[in-house]
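Before any comments, here is the structure.
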Amino acid sequence: MREYIENLRKELHQHNYRYYILNQPTLTDKEFDDKLRELQDLESGYPEFYDPNSPTQRVGSDSTGSFEQAVHTYPMLSLGNTYSFEEVGDFYQRLLKSLQEPFELVCELKYDGTSISLIYENGVLVRAVTRGDGVKGDVVTANVKTIRSIPLQLQGDSYPDSFEIRGEILMPWDVFDQLNKTREEQEEPLFANPRNAGSGTLKLQNSSEVASRRLDSYLYSVLGEELGFQTHYESLMQARSWGFKVSDAIRVCSTLDEVYEFIQYWDVERKRLPVATDGIVIKVNSFEQREELGYTAKSPRWAIAYKYQAEKALTRLLSVSFQVGRTGAVTPVANLEPVLLSGTIVKRASLHNADIIETLDLHIGDSVYVEKGGEIIPKITAVATEFRNPEGEKVRFITECPECGATLIRNENEAAHYCPDEWNCPPQIRGKIEHFVSRKAMNIDGLGSETVQLLYANGLLKSVADIYSLKVATLSSLERLGVKSAQNICNSIQQSKEISFERLIFALGIRYVGETVAKKLASAFRTIDDLERASFEELIEVDEIGERIATSVISYFATPANKQLVESLKQSGLQMSLNDSSPEALSSVLEGKSVVISGSFTHHSRDEYKKMIEQHGGKNVGSVSSKTSFILAGEKIGPEKLKKAAALGIEMVTEEEFLRMIGQSLPSTPPIMGTLF
Ligand code: IVH
């Protein structure tokens with residue numbers, strides 16, 4: 001038994017890590033809760049195997065170690081989960097028994113996001129902290145400030161001088177869909193659901209990137225000393241009047257039937273909401289009664305969560321196919337006997353990678369459970385092994401590319417398999433061409449995937465370079481293309497020669513180089529020759545370019561075929577450097593200098609300073625290193641940067657000194673609150 005308990009603990013630790021740190025859970029919430037409950041039961045049955053570090057002793061941690069930490073004034077607990085009306089009834093009976101007097105319950109939606117604690121002093125948001133391990137969490141104030149629905153300054157004057165408010169940060173479905181679409185185009189791993197995408201966003205180091213992701217929030221608990229509220233409902237209504245986003249889906253219930261009605265009503269209606277919800281939270285309304293009920297080690301006795309079952313269907317696995325994408329990543333896809341799930345017919349489900357196939361121990365002909373849950377792509381969550389066909393062949397990940405026969409590779413620490421033969425593997429070649437001509441890249445009209453396929457099949461388009469030698473006569477000789485379309489294609493190809501350098505870099509399809517990264521590379525290196533020559537160290541000095549991207553750029557230009565392609569595109573007359581619409585050069589006083597900008601400024605915005613650095617021949621870099629020439633230091637410069645700069649002996653230059661350095665006079669009156677804009 002001891003071994004069993006220890007294994008279960010190990011397994012749960014692993015799932016906690018996947019859930020909170022990697023944002024890649026492999027269990028549903030219910031499966032996790034079931035396992036945790038089993039462990040709890042075993043631990044109480046076998047107290048001799050007590051372990052202070054058991055997953056039952058804590059609430060999990062979302063801390064990534066890259067943010068400053070703060071201790072919560074009141075620990076952030078979790079709620080007991082229930083999955084049936086019966087368990088909700090039990091909760092109600094427990095309350096009746098303990099309180100021995102009438103009580104009200106408040107029903108709310110359980111928002112499926114990331115919990116956050118916000119501290120307000122004198123009506124101003126001063127700190128935002130994630131749940132972390134429940135006792136201390138990460139300080140993410142700058143990121144939270146970008147969320148429009150979170151007030152930076154409260155309304156009216158009836159708010160307490162000092163209080164805390166807690167709630168949930170959420171990524172709306174439409175933002176999530178868009179984000180994943182972009183990631184799919186760039187063959188980056190998709191976020192499994194809006195919760196993971198939202199919590200990942202909250203942990204980004206760059207708050208302007210956070211701002212672009214349009215997160216939202218719902219607040220649901222007000223905490224503090226002597227706030228003067230009798231009931232939770234009253235505190236929420238007040239919080240709403242101070243400017244917080246408080247849900248309309250709140251009901252004060254006096255009977256258990258009203259609670260059940262609320263649960264049933266929202267089981268259907270919640271699907272129309274713009275954000276994800278996964279259940280209902282039921283809370284005692286009166287603060288006095290809450291105090292009387294108290295807490296267990298993990299959660300309050302005055303509240304529980306009722307979790308909706310993810311919609312599931314049972315169907316049969318007919319076969320597994322393997323798709324090869326533009327970057328050679330091989331994705332296994334399950335072909336299923338069609339089944340109705342949440343209103344749509346599901347025929348295929350993603351199997352993600354070899355590990356998942358192995359964990360599920362899939363066999364052809366298996367009866368499998370498919371779930372949609374919070375995910376857009378249905379997935380197989382379990383096999384009904386009781387119906388297993390003993391003849392069914394075990395599903396094995398392929399070892400050779402289904403398209404070109406090359407032996408697949410799998411990089412260390414990566415879940416995906418790749419086909420390495422990018423120059424001979426048809427879907428990779430076609431994928432590269434399709435990406436190159438796509439709207440956000442070279443924007444060549446008339447070369448949709450069918451036409452690319454046709455030209456490829458006819459030997460007219462063997463690589464991206466061939467695009468610029470296509471002729472109207474050859475194109476129109478193909479059966480399916482008329483002279484008019486051929487002419488349009490050629491015109492569009494001609495026009496693409498004017499497309500900017502940054503879009504050309506994006507069009508090359510270098511792994512991990514999306515639109516934003518392409519822009520950064522273009523403005524940092526300015527010409528394709530400089531980019532090609534850039535060393536690893538120079539690359540990672542660029543704002544937002546990390547080791548993964550740097551390695552990918554280096555390996556791209558180290559490949560002779562890529563060099564040849566770039567050379568041939570050069571010959572065709574494409575834009576191989578930043579053109580004159582980029583900041584005009586004003587002087588070279590900062591020539592060869594790498595400047596880090598940190599803190600907030602009075603006279604100009606950060607972007608303006610960035611432009612000035614470039615205009616005077618310098619380079620703006622994101623992180624402090626021994627190569628940094630100086631730090632343009634504003635107010636409230638980050639403590640990490642300060643520490644690092646002091647350790648490396650790097651000079652700090654104030655705004656005023658900097659402006660003098662580049663020969664600019666100070667604006668006579670500093671703009672009021674210039675740092676806010
Ligand atoms: S009240 C003691 N209300 O669910 C915890 N929580 O397991 C009191 N959640 O950590 C929390 N919607 O992140 C509360 N309307 C709601 C909620 C809610 C979502 C989350 C929250 C909490 C978890 C509880």
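Atoms within a ligand are numbered from 1 in the order they appear, just like the ligands themselves.
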Just to verify, what does F229 make a ring pair (Phe, Tyr, Trp, His ring centres under 6.0 Å) with, not counting sequence neighbours?
none

What pairs of donor and acceptor atoms, side-chain ones from residues 239-246 against any protein atom, are under 3.5 angstrom apart with sequence neighbours left out?
from, atom 1, to, atom 2, distance (Å)
R240, NH2, V246, O, 3.3
R240, NH2, S247, O, 2.9
R240, NH2, D248, OD1, 3.2
S241, OG, Q238, O, 2.7
W242, NE1, S158, OG, 3.1
K245, NZ, D216, OD1, 3.3
K245, NZ, D216, OD2, 2.7

Just the distances, no angles: every ligand 1 N or O to protein N or O pair closer than 3.5 Å, one line each.
from, atom 1, to, atom 2, distance (Å)
ligand 1, 3 (N), K283, NZ, 3.0
ligand 1, 4 (O), K110, NZ, 3.1
ligand 1, 7 (O), L79, N, 3.1
ligand 1, 9 (N), Y220, OH, 3.4
ligand 1, 12 (N), Y111, N, 3.0
ligand 1, 13 (O), S115, OG, 3.4
ligand 1, 13 (O), E168, OE1, 2.8
ligand 1, 13 (O), E168, OE2, 3.3
ligand 1, 13 (O), Y220, OH, 3.2
ligand 1, 15 (N), E108, OE1, 2.8
ligand 1, 15 (N), L109, O, 3.0

Does anything in residues 73-98 pair up under salt bridge (Lys or Arg N to Asp or Glu O under 4.0 Å), and if so which pairs, sequence neighbours excluded?
R37-E87

Answer with yes or no whether the side chains of S78 and S299 bring together a donor and an acceptor at under 3.5 Å.
no

Ignoring hydrogens and angles, state whether a donor on the side chain of R213 or T201 is under 3.5 Å from an acceptor on the partner side chain.
yes

For Q230, is there any backbone N or O sitting under 3.5 Å from a side-chain donor or acceptor partner on E234?
yes

